[in-house]
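A short worksheet on the structure shown next.
Throughout, residue positions are numbered sequentially from 1 according to the sequence presented. When a ligand or atom number is given, it counts from 1 through the structure's own listing order.
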Amino acid sequence: MTRRKKIYEGKAKILYEGPEPGTLIQYFKDDTTAFDAKKKAVLEGKGVINNRISEYVMTRLNSIGIQNHFIRRLNLREQLIREVEIIPLEVVCRNIAAGSLSTRFGLPEGQPLPRSIIEFYYKDDKLHDPMVAEEHITAFNWASTQEIDDMMALTLRVNDFLTGMFGAVGITLVDFKIEYGRIWEGDFARVILADEISPDSCRLWDSATNEKLDKDRFRRDLGNVIESYTEVARRLGIMKEMP
Ligand code: C5P
């Protein structure tokens, strides 16, 4: 492998300098963390599956006009992406109560929500990604009011599309987390989707049995994590067999 400049290393991915200005290479690791990285493991092959699933999802979203940073997959673990100015927020969209929403409001896991709910969290591991309101986002200059509106509208479109896409293969999209970045077009900053969309960042349940096919298998020690991720890829028609 040629030596490349590492731009950033996160818990599950590494960003390297790309071949042309304005591009980066996103490398998917097998490392898996939960609960603020208090729980860690290396799940062999996870990076390969998430690279493929995220490629598939981002390509489908692009095809319906939802711009994102994905350019093309380079190899098993890497994809070429557009460099964006990352907005330091995690945008969570929920359709069914689970996870921290269930804990916060005492809602039984699996209870459908009256409508989809979007939440913003400030991306900062040291602060444990606190939930924030629009007021914090604009006051601390993380994003403008217009950008918040754009992220909300885009997130609802992503939710509609992904709900249908997964629904068609017998998977219920319970909730997911996405991230956005800015690309500059002259003086205008456009908000586009960044990061990844994979079973690491979504709750995906088998529609017939409610079996979990996502990272909750790791969080809750349910076993068969890689098998479940592979099942998601298989149903989407991406991977015929384990990497
Ligand atoms: O834990 P919580 O219920 O708030 O998570 C909501 C959704 O966001 C889940 O699909 C989870 O996998 C995802 N998430 C994530 N990264 C985080 C926090 C949540 O991908 N740091």
Under a 3.5 Å cutoff, is there a donor and acceptor pairing between the side chains of [X] and [Y]?
X: Y56; Y: R60; result: yes
X: T155; Y: Y180; result: yes
X: R94; Y: S100; result: yes

Where ligand 1 meets [X] - atom numbers and elements under 4.0 angstrom, heavy-atom basis:
X: D129; answer: 21 (N)
X: V92; answer: 6 (C), 8 (O)
X: G99; answer: 3 (O)
X: C202; answer: 10 (O)

- Query: Among protein heavy atoms, which sits nearest to atom 2 (P) of ligand 1, and what does the distance come to when rounded to 0.1 Å?
  - Reply: S100 OG, 3.4 Å

- Query: Considering only protein heavy atoms, which is closest to atom 5 (O) of ligand 1, and at what distance to one decimal place?
  - Reply: R203 NH1, 3.5 Å

Charged N-O contact under 4.0 Å between [X] and [Y]:
X: D150; Y: R182; value: no
X: R203; Y: D214; value: no
X: E227; Y: R217; value: no

- Query: Between the candidates K177, E90, R104, K11, which shows the shortest non-hydrogen contact distance to atom 20 (O) of ligand 1?
  - Reply: K177

- Message: Looking at non-hydrogen atoms alone, which of R219, H128, K215, R94 comes nearest to atom 12 (O) of ligand 1?
- Response: R219

- Note on the structure: Under 4.0 Å between heavy atoms, the region of D175 that gets near ligand 1 turns out to be both

- Item | Row check, Y229 ring normal vs K46 NZ/CZ: under 6.0 Å, within 45° | no

- Message: Between ligand 1 and D200, can you find any atom pair, the residue atom being a heavy atom, that is separated by under 4.0 Å?
- Response: yes

